[in-house]
Amino acid sequence: MVTSTSRYAYIACDATKCVGCQLCEYICSYTKTGEYNTYRSRIRTVRVDEILITAVACRTCEDAPCVIACTRDALKQDPETGLISVNAERCDGCAWCIEACDFGAISINPATKMAEICDQCQDQEDGPQCVLWCPKDALELTTPDQRAQKARRKLVHEEVHGPR
Amino acid sequence: MYGYSGRILHIDLTTRKTWVETKPEAWYKIYIGGVSMAARLLWENIKPGCDPLSPDNPICIANGIFAGTPVPVGGKYGLASKSPLTGFMGDSLSGSWFSVALKRTGWDGIVIHGASAEWVDIFIDDGRVMFRDARKLLGKGTFETEETIREELLDDQVRSATIGPAGENLVRFANVTNDGRQAGRTGHGAVWGSKKLKAVSVRGTRGVVVADPDTLMKMSFDITQQAQGPYTVKYRMLGTATNVLNMNKLGLLPTRNYQQGTFEMAEQVSGEYLEEHFKVKKIACAQCPIACEQVSAAKPGLYAGAMTGIEYECLYANGPNLGIGDLNAVIKLIDVADRGGQDAMSQGVTISWAMESFERGVLTKEDFKSKKYPDGFEPNFGNGEAAVALAEMIRDREGIGDLLAEGTRIASRRVDADRGTESYKWAMHIKGLENPGYDARGLKTFSVGLATGTRGGCHNRSAAYDPDIQGEVDRFSIDETRGRLAAENEEYAAVYDSLPLCKFIRRCFTGKADRAGAWPAIAALINATTGWNFDYDAVDLIGVRAHTIKKAFNIREGWSRADDHLPYRWHHEPMKEGASAGHVVTEEELEYLKDLYYEAKGWTKEGLIPKAKLIELGMEDVAEEIGV
């Protein structure tokens, strides 16, 4: 699986657990816009085929390509959290950031014609709402390092005890 | 108005004209959505007495009240046309993304009239309607058609309801597929095919807003959490296939075309065996936190490459019912049905009729010739390869598949008329719709629920097997409570079918699935969505009204008491072995049960609906037409 090499946390989806219910999209769009509209969700479910289903949100890349690509300096990355913010004054919806993103994690809001990017629900007391709602615990806020640790533990566990 | 737009889209395929019909809020309060609204749209738009495969039979799509919101399992829509199998109300439900995308287009329902001269598919892009040339999609399977359309329109969020080759070929039990789910029963695919309509695609970019989002979010969150607990464990773990061993134990598992109620290879086709050896992934419909769809794949070998979702009804029909104990073959059969776009239940029961007819000498090897088998083949029970060949021949209307594509009722009548045989005695249908996976000889309450069902042999509209199986009543005998039980049961189911909510959520509101446990929560969800003041009684009325409009439709199409029947076999052949051995439902028993049932419904002895009853339900115009 393609993963960001970033040290920052991001919302990761375990494709083996994701059932494709799309609840994350409803919850995200409601949290951010007050309406249910998957076109305005900052996390997107992807159904590649009948069984390959997952969800993708901003991976908080280091030296984020979207920030570099923005011709109007509308995107800024927080050096502490890696979160990308969009300056509404400057963004003109040109979509260069969308093309620059390897993960397809940025979208243009059809109403405001502005780029929208996952901010891990910084404004919510109980953290990312999609993670909170995910009925199958497929989503988590994690870092590549934490994922690597998990993978190593799983590997050792399987080698000793056999798969699940 | 919250929850609805108030607008119904009409499309005429003959003239390629579209128009908008507005409906008042009062109309929605009666025909709230799903099956109920679809049935009502059909009532309003069909020419009574028409041939189901003629341009006069409209396609009526009605969305759900909760589609596009986080209300668990609310992503469903209803579909209604006059059924080419039964000649009566054909109503189906399907889950997932199509309904959600449709919600965001701003249309509460779609009525498609007429018929196209050339193959066409419709693309509804928010408010706009486009007619597309569908000739290049012909012959493509259901999943492939959807994928092709999405690629052409360059948008992942376009959702399509499509027909497969079976629908193109007017197989009478062809169905409509979206997102891997089916509006499965009563032959909608053939209606679409008769109009040369290959697909309806929707793209909705408008947000859904509800009256009281705080309440809706809180309730939805709680129900979503409950849906991860013990109340849905059956559906999440083994899925409905877990029923195989239960039904076998009760002697109710239809085996070899309902000749037996137990299957000696039940273990090998059980939900447990499926889970262990064939399961690939569990997936969900849009908006569903349960994820009951058990995607399973055949192993390398004869049926390699076959992969689809396996549920009990499709499994029994294409497994035990065909005497097949190899899940590889069963998965392949259901795969052929799902990709070809035909009802896997009707497919299995029609093939089992052919197999029994062959074993009894009514059909011979000569009848089973095809391109692949020029000398014919011998479709004995248990012959998986023969069953797969027949499923494909039905889909393509090749050889005897052309006859079987007419469904069990027409096929048996035609053979009996030509050959002077009596194959109707093992034609396992009610009103022309092939029966579900419960042998009613050991389920007396269910027997009247099935016989009186408005769409024929169906376990979804009446689940009156519940009191029988749960032990609330003695399942082998009858008493004066059974009419009321059957009536209450189907009206209960009709509430879920009309919102629609998937019934698998029914225990997650309070832990109790009965009316007292679920209706207050459902009323609160309706109110939070729409801003209405529904209470327990109003929720209860949803089901009564939904059932009434379907029944009224059948009456207008010429229904009479004799149409509420059971298959010959269940009346005259006692179950041979197993826990239900020795039982039949006699004709006298059924007539008595029908009396009780009509009385419980408040209908006349002939099963007609009194004018006063219809007026009481707010259906004055219906009373005018068919009330007595």
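Throughout, protein chains are lettered first and strands after them, A, B, ... in sequence-line order, and every chain is numbered starting at 1.
The backbone N or O of A:Val19 lies less than 3.5 Å from no partner atom in the side chain of B:Lys282, so there is not a single donor-acceptor pair.
In terms of heavy-atom pairs under 4.5 angstrom with chain A, the leader among B:Gly68, B:Pro72, B:Gly180 is B:Gly68. Across B:Ala284, B:Ala227, B:Gly75, the residue that shares the most heavy-atom pairs under 4.5 angstrom with chain A is B:Ala284. Per-residue counts of heavy-atom pairs under 4.5 Å with chain B were compared for A:Thr38, A:Leu23, A:Ile53, A:Val46; the largest is that of A:Thr38.
B:Val208 has its side chain out of reach of A:Asn37: every pair of non-hydrogen atoms, C-beta onward, lies at least 4.5 Å apart. Looking at A:Tyr26 and B:Thr69, their side chains never come closer than 4.5 Å, going by heavy atoms from C-beta outward. Residues B:Met307 and A:Ile51 meet the side-chain proximity criterion, which asks for heavy atoms closer than 4.5 Å. Within the 4.5 Å cutoff, side-chain heavy atoms of A:Trp133 are placed close to those of B:Ser220. For the pair B:Arg203 and A:Tyr39, the minimum side-chain heavy-atom distance is below 4.5 Å. A:Glu35 is not listed as a side-chain neighbour of B:Arg206, based on a closest heavy-atom distance of 4.5 Å or more. Proximity of B:Gln157 to A:Arg44: side-chain heavy atoms (C-beta onward) are separated by under 4.5 Å at one or more points. Annotation: side chain of B:Pro213 is in contact with side chain of A:Tyr30 (closest heavy-atom distance under 4.5 Å).
Between A:Tyr36 and the choices B:Val209, B:Val71, B:Val100, B:Leu216, the side chain to side chain contact (heavy atoms under 4.5 Å, CB included) rule is met once, by B:Leu216.
Rounding to the nearest 0.5 angstrom, the gap separating the CG atom in A:Asp49 from the CZ atom in B:Phe143 is 11.0 Å. Of the inter-residue distances, the one linking B:Ile283 atom CD1 with A:Cys21 atom SG reads 11.5 Å to the nearest 0.5 angstrom. To the nearest 0.5 Å, atoms CD1 (A:Ile27) and CE (B:Met217) are separated by 4.0 Å. Between the CD atom of A:Gln22 and the SG atom of B:Cys285 there is a distance of 11.0 Å, given to the nearest 0.5 Å. Separating the NZ atom in B:Lys281 from the CG atom in A:Leu52 is a distance of 7.0 Å, to the nearest 0.5 Å.
Heavy atoms from other residues, nucleotides or ligands lying under 6.0 Å from CZ of B:Phe221 number more than 12. Residue A:Asp63 qualifies as open at atom CG: its count of foreign heavy atoms under 6.0 Å is 12 or below. Dense packing is recorded around NZ of B:Lys299, with more than 12 heavy atoms of other residues, nucleotides or ligands lying under 6.0 Å away. More than 12 heavy atoms of other shown residues, nucleotides or ligands fall within 6.0 angstrom of atom NZ in B:Lys234.
When only modelled atom types and interatomic distance are considered, B:Thr205 and A:Arg40 share no side-chain donor-acceptor pair under 3.5 Å.
A:Thr16 touches chain B through its backbone: at least one of N, CA, C or O sits under 4.5 Å from a heavy atom, while the side chain does not. For B:Thr308, no part lies near chain A; criterion is any non-hydrogen pair under 4.5 Å. When heavy atoms are compared at a cutoff of 4.5 Å, B:Arg236 approaches chain A solely by way of its side chain, counted from C-beta outward. With a 4.5 angstrom heavy-atom cutoff, B:Gln287 touches chain A via backbone and side-chain atoms both.
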